[in-house]
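Every heavy atom of this structure was used, including side-chain atoms; hydrogens, water molecules and symmetry mates were not.
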Amino acid sequence: MPGGPVSAREIAVCYLDRFGRQREHRATEVGEVPFEELAPLERPVPYPGRQSFVTNAWASATDQLLACGSLRQQQCAMLLDRDPAVGLRSTGPMELRWSHQGRRHRLRPAFVALRARQREVICVQPEELTDRWHSGQEVLAVAAAAAGWQIRVMEPPTGVELDNLQLLYAARSPRWLTVGQDQLLAQQFTSPRTIHSGVRAAALPRYAGVDLAYHLIWAQRLHTDMSVPLTPSSTAWVHSGEVT
């Protein structure tokens, strides 16, 4: 960083505690704060004239609503929800604040999540990388080292992979599922076959069966080639040993 690095004691971390009170502490003092359980520091709002989108992205694994302030953030929230290693997560629960060369700066990571019992601070990489982005990541690295956080930078998928992700996200929690149907369908894919043929072999209703197959792909119990458009004619399979 031009002019010398910022020390951890110069970085303030602002957040709302469990009672909604605003707190601010040095990065060296927040290692035990459960950011993944806290509310957003501020609710996101759309920016006039810019691509912005405010919505609640439901985390099916933890039954949390994540307030996302952009399409890129929402799409990364989908990726997080599909990752079985991710536990509790929150959107924008903290803001890093520091001064450098007489100017005040701030950085608000997109998410904080628990991954394998490690607190992970997650930033969504912008479409255009700027000096401001790079300097902010340097400061975040200093704060993370002091607080014991892991850092992760995410990018949403694009093109066909994004289309497939959004399709699977819609099938992430099938309400029509009855006991044993998921196992019955998965058993039809011990070797690669098309989704619609597996649904027929399981004697499931066509549309509900396809949606169930998409749910199993979402949950990574079935696998498919995500680089090509996902349709009922797509080939799916389970890895050896996954079906009991």
For [Y], is there any backbone N or O sitting under 3.5 Å from a side-chain donor or acceptor partner on [X]?
X: S135; Y: D131; value: yes
X: R108; Y: P93; value: no
X: R119; Y: E36; value: no
X: H215; Y: R172; value: yes
X: T235; Y: T194; value: no
X: Q73; Y: G69; value: yes

Is any side-chain heavy atom of [Y] closer than 4.5 Å to one of [X]?
X: V30; Y: F35; result: yes
X: L204; Y: L212; result: yes
X: L16; Y: E42; result: no
X: Q64; Y: L88; result: yes

Considering all heavy atoms, the nearest [X]-[Y] contact:
X: A186; Y: V238; value: O-CG1, 4.0 Å
X: Q74; Y: C68; value: CA-SG, 3.7 Å
X: G136; Y: L107; value: O-CD2, 3.5 Å
X: A146; Y: T28; value: CB-CG2, 4.0 Å
X: L79; Y: P156; value: CD1-CA, 4.3 Å
X: M94; Y: V121; value: CE-CG2, 4.1 Å

So, using side chain to side chain contact (heavy atoms under 4.5 Å, CB included) as the criterion, who are the partners of [X] when residues are at least two apart?
X: L65; value: N56, W58
X: A113; value: V86, R89, I122
X: A27; value: I11, V13, A143
X: A145; value: none

(request) Would you check, one step at a time, whether the test side-chain contact (heavy atoms from CB on, under 4.5 Å) holds for L38 with V33? (result) CA-CA 9 Å; L38 302 183; V33 176; 4.0 Å; yes
Looking at [atom1] of [X] and [atom2] of [Y], how far apart are the two atoms once the value is rounded to the nearest 0.5 Å?
X: L185; Y: R221; atom1: CG; atom2: CZ; answer: 9.0 Å
X: E127; Y: T158; atom1: CD; atom2: OG1; answer: 10.5 Å
X: L80; Y: L66; atom1: CG; atom2: CG; answer: 8.0 Å
X: H196; Y: R200; atom1: NE2; atom2: CZ; answer: 6.0 Å
X: C14; Y: Q22; atom1: SG; atom2: CD; answer: 3.5 Å
X: S90; Y: F111; atom1: OG; atom2: CZ; answer: 9.5 Å

(request) Could you name each residue pair satisfying salt bridge (Lys or Arg N to Asp or Glu O under 4.0 Å) that touches residues 6-19, not counting sequence neighbours? (result) D17-R21, D17-R23, R18-E37
(message) Tell me which pairs pass salt bridge (Lys or Arg N to Asp or Glu O under 4.0 Å) where either residue lies in residues 97-106, with sequence neighbours left out.
(response)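 Listed once each, the pairs are E24-R97, E95-R97, E95-R106.
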(message) Please evaluate residues L222 and Y214 with respect to the criterion side-chain contact (heavy atoms from CB on, under 4.5 Å), reporting the C-alpha separation (whole Å), side-chain torsions for both, the decisive distance (0.1 Å), and the verdict.
(response) CA-CA 8 Å; L222 287 182; Y214 289 172; over 6 Å; no
(request) Take S7 and V142, measure what side-chain contact (heavy atoms from CB on, under 4.5 Å) needs, and give me the verdict at the end. (result) CA-CA 7 Å; S7 73; V142 172; 5.7 Å; no
(request) Check step by step if side-chain contact (heavy atoms from CB on, under 4.5 Å) holds for Y169 and D81. (result) CA-CA 9 Å; Y169 186 68; D81 199 34; 4.2 Å; yes
What residues form a side-chain hydrogen bond (donor to acceptor under 3.5 Å, both in side chains) with [X], not counting sequence neighbours?
X: Q188; value: none
X: R26; value: none
X: R82; value: none

(request) Count the heavy atoms belonging to other residues, nucleotides or ligands that lie under 6.0 Å from CZ of R132, then report whether that count exceeds 12. (result)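 No, because the 6.0 Å sphere around CZ of R132 holds 12 heavy atoms or fewer from other groups.
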(message) H105: which residues meet the ring-ring contact (aromatic ring centres under 6.0 Å, His included) condition with it, sequence neighbours left out?
(response) W98
(request) Spell out, yes or no, whether L96 and I151 are grouped together once hydrophobic residues are joined by side-chain heavy atoms under 4.5 Å, including indirect joins. (result)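 Yes, one cluster joins them.
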(message) Test question: given the 4.5 Å side-chain rule for I, L, V, M, F, W and Y, name all other residues clustered with W133, or answer none.
(response)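 Same cluster as W133: L129, V153.
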Using atom types as modelled, flag every donor-acceptor pair under 3.5 Å from a side chain in residues 159-167 to any protein atom, sequence neighbours excluded.
| from | atom 1 | to | atom 2 | distance (Å) |
| --- | --- | --- | --- | --- |
| N164 | OD1 | L230 | N | 2.9 |
| N164 | ND2 | M226 | O | 3.0 |
| N164 | ND2 | V228 | O | 2.9 |

